[in-house]
Number of protein chains: 2
Amino acid sequence: MDKDKIDKKDHILDVAERVFSELGFDGASTRTISGEAGVNMAMLNYYFGSKEGLFLAVFNRKIISFQDLLKNIGSDESTTAWNKVEKYIDLYAQRVVNNNCFQKLLYQELSMQRRGELSDKITDILMKNALEVRKILKDGVDNGEFNKDIDAEMVIATIYGTKNFIVNTPQLTSKLLGYDIQNDKMLEERFKPRIEAYLKTLLKSYLLK
Amino acid sequence: MDKDKIDKKDHILDVAERVFSELGFDGASTRTISGEAGVNMAMLNYYFGSKEGLFLAVFNRKIISFQDLLKNIGSDESTTAWNKVEKYIDLYAQRVVNNNCFQKLLYQELSMQRRGELSDKITDILMKNALEVRKILKDGVDNGEFNKDIDAEMVIATIYGTKNFIVNTPQLTSKLLGYDIQNDKMLEERFKPRIEAYLKTLLKSYLLK
DNA sequence: TTGATATAATCAATCGATTGATTAACTTTG
DNA sequence: CAAAGTTAATCAATCGATTGATTATATCAA
């Protein structure tokens, strides 16, 4: 039945996303993934063509919705630039909480600059997001809302980097923050409001005159 | 000759450090490392016992100078907390420029929480570093120099994270910043002063009353 | 509805390539 | 000579990928 096929592919993607996140692209073997998904190894290639195809499928499944949300924030003409920044921080924090595992995977894969389509695709997607944020910042400068001498690109690095550092080195930052970042409940109830409040205060004092 | 042996081992470590940084632990094969180092594959095991032994050797070689960084920063009682922060930013930026490759390797391995001994070792070192910075920040709060409601731990995440994001995703940030982060000359002449100025301005507006 | 048939899904088995590691022979050095 | 250094050749294990055979499902003529 068609419904079953979709469910099974989706199940494989779920498992693959988790295993990739835990072990990285190289560390996660197709045998491990198929084994944990409870399917035959050949099914991975049957459905997704190759290991890289499987990774790309995991990747593509995640990115579509976020792009649209981001675009909507930037295109809203009825609000201030600072309000857009706040909205983006909220959206981003929510995204991190919901896709903690995957965000780690993305950054990990991007960190080791590898050959081919995979890295290029990830770069393109993240670049699009980054440019969207930069446009918001530049607009804020142009309309006099933000300081004219802000370093927009570095601000982007700060937003992404602060989050990445925390979720990508959980054994370090959990000690530092005082609670377990890898625990979903802690992530939602303590980390999320904390990074939201922090980034807003930090950027507000830097961006606004 | 003993000198030659040391030089050769050191050369292998140099190459291994770079290749590990570029491809990760899994992605870097012993054949690639030995090939690029211009030595026979068996020499790696002859010198370092195993691939992991080689990795540990790369890591241990760097630890010593890492420790030195920790000592002299917060101990100066004759200056302000903000001045210490500025000094630390300068020192850190210098560190990044000089050890760009290794810094990448470090956080790559740490973000893949997979090994026992090595991961603990890295965590301990970085934790010591982080606590040193936190002490500076807390002292600044206690003597009324900094805002009393700053989030010290998140500030640390911002300092480390902003840097890490840029040097660990060079193909992305090079596009964003407009020059090649992987070029040493660019790193020294353009990126270093830029991140110094940015972090100082950013943190100044956030920390100081 | 039934039976034949075509398509999709799944399987065990195995492919060649590559991995980290090791061996044994050779060369250099002291 | 003996020890250290170095090499090519090779090891078992595992990698991603593919095969041909088998089962399940869908389609359609009678």
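The structure displayed is predicted, hence computed values, not measured ones. Proteins come first, then strands; the chains are lettered A, B, ... in the order of their sequence lines, and each starts at number 1.
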Is the distance between the ring centroids of A:Tyr206 and B:Tyr198 under 6.0 Å? yes
Nearest whole angstrom, please: distance from the P of D:dC15 to the CZ of A:Arg31. 6 Å
Output the rounded distance in Å from CE (B:Met43) to C1' (D:dA9). 16 Å
Position toward the 5' end of DNA chain C (nearest nucleotide), B:Gly49 or A:Ala42: A:Ala42
Phosphate contact (D:dT18 OP1 or OP2) by A:Asn45 side-chain N/O below 4.0 Å: no
Just wondering, do A:Leu54 and A:Lys51 contact through their side chains at under 4.5 Å, heavy atoms? no
Roughly, in whole Å, what's the span from CE in B:Met41 to P in C:dT23? 13 Å
Grab the NZ-P distance between A:Lys9 and C:dA8 for me, whole Å please. 12 Å
Please check if the side chain of A:Lys84 supplies one atom and the backbone of A:Asp76 the other of a donor-acceptor pair under 3.5 Å. yes
Using a distance-only criterion (donor-acceptor N/O pair, under 3.5 Å, no hydrogens), is the base of D:dA8 paired with the side chain of B:Asn40? yes
In whole angstroms, how far is the C1' atom of D:dC15 from the CG atom of A:Asp26? 11 Å
Rounded to whole Å, CZ of B:Phe48 lies from C1' of D:dT6 at a distance of 15 Å
Just by distance, do the side chain of A:Ser174 and the backbone of A:Gln171 share a donor-acceptor pair under 3.5 Å? no
For C:dT10, does either OP1 or OP2 sit under 4.0 Å from a side-chain N or O belonging to A:Lys8? yes
Can you check whether B:Ser29 has a side-chain N or O nearer than 4.0 Å to OP1 or OP2 of C:dT19? yes
Assuming nearest nucleotide by heavy-atom distance, tell me which of B:Tyr46 and A:Thr30 is located more 5' along DNA chain D. B:Tyr46
Close aromatic pair by centroid cut-off 6.0 Å: A:Tyr92 and A:Tyr160: yes
Distance check needed: C:dG20 C1' versus B:Glu52 CD, whole Å only. 12 Å
Protein-nucleotide distance (A:Lys51, atom NZ; C:dT18, atom C1'), rounded to Å: 13 Å
Does a side-chain N or O from A:Tyr47 land closer than 4.0 Å to OP1 or OP2 of C:dA8, or not? no
